[in-house]
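One structure is given below, encoded as structure tokens.
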Amino acid sequence: MSSFLQVLIDGILSGLLYALVAAGLSMIWGVMDVINFAHGEFLMVAMYVCYWLGFILGLDPLFTWIASGIFLFVMGALTYKFVIKHSLGKAAMAPLLATFGLSMLLKNFCMNRFSPNFRLLSGTMLDGKTFEIGGAIVSVPQLVTGIFALVILAALYWLIKKTRLGWAIQATAMDKEAAELMGIDTEKIYLLVFGIGGACVGVAGGLMTTYLAVHPEVGALFSLIAFVVVALGGFGSIPGALAAALLIGLVESFSGFYIAAVVKYVAVFAIYLIVILVRPKGLFGW
Amino acid sequence: MKKRAVTVAMSVFCAAFLATSAFAAEEIKIGALFPLTGPAAVSGQNCINSVLAAADFINEANPEINAPLAAGEGLLGGKYVIKIVQADHQGKPDVAKSEAERLYNQEKVFAIIGCYNSAATKPASAVAERAKKIFLCGCSSSAELTERGYKYFFRHAPTDAIESVEFVDYIDYLNKEKNAGIKTMGLIYENTEFGKHAAAEAKKAAAKINLEVVADVPFNNGATNLNSEVQKLKAANPDAVFGAALGGDYSLWVRTMKQLNWLPKIALNYCTGYQNPAVQKELADDGNFFMGGMGYSPELAAKFMPEAIKIQDKYYTPRSNQPFDSDSIQEAVMLMVLAQAIEKAGGPDTEKVLQVLKTEEFPSVMSLSGSVKFGEDGQNIKALSVITQLESQKYNTVFPLKYKDAEPTFPMTPWDKR
């Protein structure tokens, strides 16, 4: 029984983390139809921000996620202003290739500046803390990340559904020209959406520094899983991202334990393929 | 007057240029193919630094070091110098193959040293075999690499087969002499050429002392988490675990075990993450009490390889800010051996050098056994490794007894009692 509970808890906590990583990607994709290939590298940059703040200034990632969130908000906005804006409306692949180029630039910059060595922040406030429920061990850093994920996703959902800004974002996503005719400054909306997308991954990366090592390749598999979450949940849908991420976390955890650890990603991508074939707009797509 | 001055200056310049050309040493290009980016980049960078350190040692005079090739500059009285051409395979076998082709065909390298990952070494060395060019492998440990009947492939490291037997011998010793009661084992390994072969050899060796395999857990390297993997080990609760994981995965594995509050009595690791000082530095005390096979550690070197320490301090540490590790030093050894073979062959003639490599024994101050001799299959028959246990960033040697310098902490101290 405790094994089952352990696997269940691991799956839910992994799923919540994936949801937080995917939320920003989902917004950008849903509103702008742009696939941000540099999403994983944004995550990696956020982790480095928190790592260096922790290493040099002794600040705990439990607080520095605010700094990484702000840093990535600015980085996201600048990415829109200097990269995406100039590639929109040109060749269909232009924004995708531009973000791919950005991902290479960021990864190699970090490789060059910080070396491929991976770095761990030890002695943080949550480091190694666990507690037991029914024989299953819950990792406190992962639990805190999960709670943050729920709060941030709820805030994003409220922003989009209940505020004028959110309605403007939705209007821009549905019909850019019509939104402009209604007086919405779609340029600002795009800038903001890219910023919010960056901030989400910034917070995720910051919190992950409490229990994962930082290195230039750390974002690779997370970004792949984020793409799967977004496509599975439906482009632009925050509840969809949460549901898909939980599904993926649970599939990964249960298949990894009850079938074989090595097939856990096979199971994840198989489910993704099935859902996309049956319902191409995802589970909760607009 | 002005014209004459210019003419004289030109003549002096030309004479000086011709004189330098006449005495300039010829370069022998050697390809160094390692994972400089990707999940194994930490180790790849160490390997490159190690090979570059060996090249500097060969190209410069080092009369204060008592090692072959130390006295003079370059090879054959300074006629040749070694030039390293770096290449990155990113840990990907297909990239390793194409980079090996580029190195031989476009860069015209005389030989290649590499590739750290067994999965990359396999296709890259197949390119060498087809091209009839020498391929030198320092630390890739998959036993299969020297079971292919290749003529141009040479490997320094002990294979997974050799290490597996050593691990099992140690467990047998602990059971008999220390009443350890180790009856079951679990395997956790990356699902690659290296990991799969290490696991296969471990199973073969375990059968000899009736060690029952109760968990067999391959994983995809670079995973976002290893929760299911460690959960599987914990559920089976083996007495011993044999691990084969690279840097980032090794660290994640150790931290996940801590998170799930589980440890076996003994954990033995094949090279890679365990041997990497950078990995252990980041793990700090969490890395304590794990064990693994080693061909080099600063502690071992201080006792048995003093000249290697001199080479390390003069050429390697200034490049990498750390001492040699057990993996990377073997790549340097292969360049030293190749250089000795070129000297003995009288120059960079592939077939002559090949003949020397196949027949001679090479003194090696950077090998624990003190020399290198290749068997028919290209495997170094003098390959030697010891089992160490990590404690406070120090690799204590615990087996074989001849090299032992500390009592092992056994069983491993539980996480909550550290």
Task: Segment of A:I225 engaging chain B (4.5 angstrom heavy-atom cut-off) - done: side chain
TODO: Pick one of side chain, backbone, both or neither for A:D127, based on which atoms fall under 4.5 Å of a heavy atom in chain B.
DONE: side chain
TODO: Using a 4.5 Å cut-off on heavy atoms from C-beta on, say whether the side chain of B:R255 contacts that of A:L120.
DONE: yes
Task: Selection from B:V279, B:V217, B:L252, B:D286 maximising heavy-atom pairs under 4.5 Å formed with chain A - done: B:V279
Task: Spacing of B:Q259 atom CD and A:Y211 atom OH [to the nearest 0.5 Å] - done: 9.0 Å
TODO: Would you mind checking which part of B:Q45 comes under 4.5 Å of any heavy atom in chain A, side chain (CB onward), backbone (N, CA, C, O), both or neither?
DONE: side chain
Task: Pick from B:G44, B:A235, B:A41, B:S43 with the largest number of heavy-atom pairs that fall under 4.5 Å of chain A - done: B:A41
Open item on the list: Could you check whether any side-chain heavy atom of A:I137 comes within less than 4.5 Å of a side-chain heavy atom of B:K234, counting everything from C-beta outward?
Closed with: yes
Open item on the list: Please determine whether the number of non-hydrogen atoms from other residues, nucleotides or ligands lying under 6.0 Å from atom CZ of A:F100 exceeds 12.
Closed with: no
TODO: Tell me, for A:I259 versus chain B, whether the close heavy atoms (under 4.5 Å) come from the side chain, the backbone, both or neither.
DONE: backbone
Open item on the list: Looking at A:F55, I want to see if its CZ is surrounded by more than 12 non-hydrogen atoms of other residues, nucleotides or ligands under 6.0 Å.
Closed with: no
Open item on the list: If I measure from the heavy atoms of chain A, does B:T37 come under 4.5 Å with its side chain, its backbone, both, or neither?
Closed with: both
- [ ] Test A:K264 against B:N225 for side-chain contact (heavy atoms from CB on, under 4.5 Å), laying out the working first.
- [x] CA-CA 11 Å; A:K264 65 185 187 184; B:N225 65 69; 3.3 Å; yes
Task: Side chain to side chain, B:N227 and A:Q142, heavy atoms closer than 4.5 Å - done: yes
Task: Winner by heavy-atom pair count (cut-off under 4.5 Å) against chain B, out of A:A260, A:A220, A:S253, A:G256 - done: A:G256
TODO: Using a cut-off of 6.0 Å, state whether more than 12 heavy atoms not belonging to A:F269 lie near its atom CZ.
DONE: yes
Open item on the list: Only heavy atoms, only distances under 4.5 angstrom. Which residues in residues 143-150 of chain A are near chain B?
Closed with: none
- [ ] Could you tell me whether the side chain of A:E252 reaches within less than 4.5 Å of the side chain of B:S228, counting heavy atoms only?
- [x] no
Task: Sub-4.5 Å side-chain heavy-atom contact between B:T224 and A:Y265 - done: yes
Task: Separation between NZ of B:K281 and CZ of A:R119, rounded to the nearest 0.5 Å - done: 8.5 Å
- [ ] Flag yes if more than 12 heavy atoms outside B:K394 fall under 6.0 Å of its NZ atom; otherwise flag no.
- [x] no
- [ ] Measure across B:P218 and A:A261 and return the closest heavy-atom pair with its distance rounded to 0.1 Å.
- [x] O-CB, 3.6 Å
Open item on the list: Counting only non-hydrogen atoms closer than 4.5 Å, does A:Y18 touch chain B with its backbone (N, CA, C, O), its side chain (CB onward), both, or neither?
Closed with: side chain
Task: Any side-chain heavy-atom pair of B:N261 and A:T130 under 4.5 Å - done: no
Task: Atom NZ of B:K265 with >12 non-hydrogen neighbours under 6.0 angstrom - done: yes
TODO: Select all residues of residues 19-27 of chain A having any heavy atom within less than 4.5 Å of some heavy atom of chain B, and report them by number, or 'none'.
DONE: none
Task: Pair B:L260-A:Q6, side-chain contact (heavy atoms from CB on, under 4.5 Å): steps then yes or no - done: CA-CA 9 Å; B:L260 292 177; A:Q6 185 71 62; 3.5 Å; yes
